[in-house]
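No hydrogens, no waters, no symmetry mates; every other heavy atom, side chains included, goes into these values. We name chains A, B, ... by the order of the sequence lines, and we start the count at 1 in each one. Everything numeric in this text was worked out from a predicted model, so none of it was measured.
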There are 2 protein chains.
Amino acid sequence: MSKKRVTAKEIARELGISVMTVSRALNNRPNVDAETRSRVQEAARRLGYVPNRIAKSLVLQRTHIIGVVVPEITHSFFPEAIRGIEEAAFQAGYHIILTHSSEDATREEEVIHLLESQRVDGILISKAQTVEENRIYQQLLERKVPLVFFDRCVPGIGADCVSVDDEAGAKRITEHLIKIHGYQRIAHLSGPQHISIGRSRLEGFKKALQENHWPFYQDLVVEAGFHETGGYHAMKILLEFPPEQWPRAVVAVNDPAAFGAMKAIREMQLGIPGDIALVGFSDDIRAELMPVPLTTVRQPAYEVGKKAAERLIETIEGNSGQTLEIVLATEQIIRRSCGCNP
Amino acid sequence: MSKKRVTAKEIARELGISVMTVSRALNNRPNVDAETRSRVQEAARRLGYVPNRIAKSLVLQRTHIIGVVVPEITHSFFPEAIRGIEEAAFQAGYHIILTHSSEDATREEEVIHLLESQRVDGILISKAQTVEENRIYQQLLERKVPLVFFDRCVPGIGADCVSVDDEAGAKRITEHLIKIHGYQRIAHLSGPQHISIGRSRLEGFKKALQENHWPFYQDLVVEAGFHETGGYHAMKILLEFPPEQWPRAVVAVNDPAAFGAMKAIREMQLGIPGDIALVGFSDDIRAELMPVPLTTVRQPAYEVGKKAAERLIETIEGNSGQTLEIVLATEQIIRRSCGCNP
DNA sequence: TTCAGCTATGTTAACGATAACATTCACAAA
DNA sequence: TTTGTGAATGTTATCGTTAACATAGCTGAA
């Protein structure tokens, strides 16, 4: 169909020399006559030669490609993280194959196999929500495929991991509600507990109460998931209690869940933060545009991606040392929904 | 470093048969004894065999990979479009290598070369803003590399193209301002004129005025670019005129530019839409959350990506027929900033 | 019986590049 | 003159897979 591509062999034939000399000339190897080199380069340009990386990869057993698996690309965190990955990769002379699992375990397995069969030099994974066992990751590790998890990690599996300090972030924002505002009865709209960020944020929330000897009510922890509808329904559940049992403040697992909660609160004609204060997590682009701007925790998405890619490249190139779990700090973004007036 | 990978040869040695039989068994080719086939498959599983697509691609001259070049990934349009691309690709058994040019012509050229050397089966391009000549695209077409432009096209170059009907969208929203609200003195904050969407939106704006015999003022067309700051500065320029020359309504080239314009208008203590009505384009996630929700035009980003990928795959597989320029319709999102009260 | 015709399997070459080793040739030192 | 040395270039094998052709062995019809 498409006309045959120019190969090194054509250049060699054209100039009456061997392919090897062509290869040497184009890769700037020593021991090539300056004139030969320039003739080769001129011919390559003239014929529109584009080296075949597939052949190169086959013989060198290196692709200089990093495989990336994300659960979704629409959510604002991942595009940012991907930018960071791309940046680090680009600087080190790598490129990326981006795949996404749509939060589906089967599809995640498929794309991981694709990446492996494509012989990427290493893989960056952010785990899909529905993944229940770690077999595939273990197999990858057994096969010594360089592997770094980012954002959604698998603790204790013996792989590198770059994530955000969710626990500390959740603890700090909860402490803000305790120490600055003195709210009693603080609720948590939690994330799924089989996802590490869901667990750590709940953990941080609990620790803040504990360390400050603040009352903890099991009823005030409701699983909401990561989306707006989940936040809405979880908040509804809390508001079905008699008014004296309502929470005075709510810590949502992320901003979309907080948006859902906002909707539920306003449907009850209650004021934020007057009746119920609310904080989110992730600093969604919409957070500051809400009718009551949302106090939240910014995650360094770009930095997570960049660090993870840098770490993976170190591993690929054999400078990795021991397994590391890198945790990046969050930043508190105080707006109005917590009761402050910045 | 990493322990040698299992190849078809190992399986063959293990079972005392030839590699070819292994290949046939694993690819479900006919003429393989049922028992042999199952022994091979069992051995492949047991040894953790992962076929090497690089070798396969080399011999088959097909990679089943689509290269994608986008100018950025943070903007909301592209993540959506990429989802559409991924979906169409996945369904047809293709995968994607995602690259981005950061709106930089040199980097775009680099990534296109990468994709070519990676021997992707075809390329989807959304052109970077700073690209000034079409040499590279022409070279690709000469080399018969399957190529489909999406969103940001290059008219008349003889390549397929899937885009949004920017002109009709801009015309329609402008006509809304004319016919429903009867605003005189309508301004346009335009996009860069070397980008097709910049040109078409201006074109649609002009046509709306023309066809409705509405006055057109050259002074009321100011180049703003695609970002908030550009919109802000462009609006400032308009507001430096004496008040009687101010526009009564403004059509911004996209929503971020409209957000910038909003800021400029409010800094002058003017009301939207009371003093100046405003409409955007692209239905940014923030548009409905603005203090005055922004009337805008929704672009079917997911569909653009999906269609473009489908068209590319047709081309790759030789069912393309003649060159097509597919144009998808936009949808008007009426909110408050135009003067309506939905 | 004999051979056409089928199935199952094997052998060789190819894809496009590079590594490792081999060769040629010019020039300088002995 | 001879020999050693190093630069420039060539030859062969290889990466892992599949296409194309080759062969062995069996079945069944003439």
Checking the side chain of B/S117 only, and the main-chain atoms of A/V50 only, is there a donor and an acceptor separated by less than 3.5 Å?
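Answer holds: no.
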Treating B/S57 as the side-chain partner and B/R53 as the backbone partner, does any N or O pair qualify as donor plus acceptor under 3.5 Å?
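Checked: pair present.
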Quick one: [X] [atom1] to [N] [atom2], roughly how many Å, whole number?
X: B/I11; N: D/dT17; atom1: CD1; atom2: C1'; result: 12 Å
X: B/I17; N: D/dA24; atom1: CD1; atom2: P; result: 19 Å
X: B/M20; N: D/dG16; atom1: CE; atom2: P; result: 17 Å
X: B/R5; N: D/dG16; atom1: CZ; atom2: P; result: 10 Å
X: B/R62; N: D/dA19; atom1: CZ; atom2: C1'; result: 16 Å
X: B/Q118; N: C/dG16; atom1: CD; atom2: P; result: 15 Å

Given A/E42, which of A/R45, A/R46, A/R39 fulfils the side-chain hydrogen bond (donor to acceptor under 3.5 Å, both in side chains) condition?
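Among the candidates, only A/R46 passes.
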Nearest-neighbour nucleotide for the A/A8 side chain, D/dG10, C/dA17, D/dT17 considered:
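Nearest to the side-chain atoms of A/A8, counting from C-beta on, is C/dA17.
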Selection from C/dT11, C/dC15, D/dT17 that lies nearest to any side-chain heavy atom of A/K9
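Output: C/dC15.
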Earlier contact from the 5' end, DNA chain C, for B/V19 and B/R119
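Between the two, 5'-proximity favours B/V19.
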Any side-chain N or O of A/Q61 under 4.0 Å from OP1/OP2 of D/dG16?
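A/Q61 to D/dG16 OP1/OP2: side-chain N or O found under 4.0 Å.
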Where along residues 51-60 of chain A does a heavy atom fall under 4.0 Å from DNA chain D?
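Result for residues 51-60 of chain A: A/L58, A/V59, sorted by number.
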Members of residues 21-41 of chain B that approach DNA chain D, where some heavy atom sits under 4.0 Å away:
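Those residues are B/S23, B/N27, B/R29.
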Atom pair CD (A/E87) and CD1 (A/I82), whose distance is rounded to the nearest 0.5 Å
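If we round to the nearest 0.5 Å, A/E87:CD and A/I82:CD1 are 14.0 Å apart.
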Kindly compute the distance separating OH (B/Y49) from CG (B/L26), expressed to the nearest 0.5 Å.
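It comes to 6.0 Å.
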Overall bend - the helix from C/dT1-D/dA30 to C/dA30-D/dT1, comparing terminal axes fitted on five pairs, nearest 10 degrees
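The two end axes of the helix from C/dT1-D/dA30 to C/dA30-D/dT1 meet at 70°.
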Review item, side-chain donor-acceptor pairs of residues 104-114 of chain B, under 3.5 Å, at least two apart:
residue: B/D104; atom: OD2; partner: B/T106; partner atom: N; Å: 3.3
residue: B/D104; atom: OD2; partner: B/R107; partner atom: N; Å: 2.9
residue: B/R107; atom: NH2; partner: A/E86; partner atom: OE1; Å: 3.0
residue: B/E108; atom: OE1; partner: B/A128; partner atom: N; Å: 2.7
residue: B/E108; atom: OE2; partner: B/Y137; partner atom: OH; Å: 2.4
residue: B/H113; atom: ND1; partner: B/E109; partner atom: O; Å: 3.3

Could you walk me through whether B/R62 and B/I316 pass the side chain to side chain contact (heavy atoms under 4.5 Å, CB included) test, one step at a time?
CA-CA 10 Å; B/R62 283 292 300 282; B/I316 291 169; 3.7 Å; yes
A/H64: which residues meet the ring pair (Phe, Tyr, Trp, His ring centres under 6.0 Å) condition with it, sequence neighbours left out?
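Applying ring pair (Phe, Tyr, Trp, His ring centres under 6.0 Å) to A/H64 gives A/Y94.
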Chi angles and distances behind the side chain to side chain donor-acceptor pair (under 3.5 Å) call for A/E10, A/T7
CA-CA 5 Å; A/E10 255 101 287; A/T7 68; 3.2 Å; yes
Let me check something: any side-chain donor-acceptor pairs from residues 151-162 of chain A under 3.5 Å, sequence neighbours excluded? List them with distances.
residue: A/R152; atom: NH1; partner: A/E103; partner atom: OE1; Å: 3.1
residue: A/R152; atom: NH1; partner: A/E103; partner atom: OE2; Å: 3.4
residue: A/R152; atom: NH1; partner: A/K127; partner atom: O; Å: 2.9
residue: A/R152; atom: NH2; partner: A/E103; partner atom: OE2; Å: 2.9
residue: A/D160; atom: OD1; partner: A/R311; partner atom: NE; Å: 3.3
residue: A/D160; atom: OD1; partner: A/R311; partner atom: NH2; Å: 3.2
residue: A/D160; atom: OD1; partner: A/L324; partner atom: N; Å: 2.6
residue: A/D160; atom: OD2; partner: A/R311; partner atom: NE; Å: 3.4

Show, in sequence, the C-alpha distance, side-chain angles and deciding distance for B/E80 and B/R83, and conclude whether the salt bridge (charged side-chain N to carboxylate O under 4.0 Å, His left out) test is met.
CA-CA 5 Å; B/E80 271 300 312; B/R83 267 191 52 230; 3.2 Å; yes
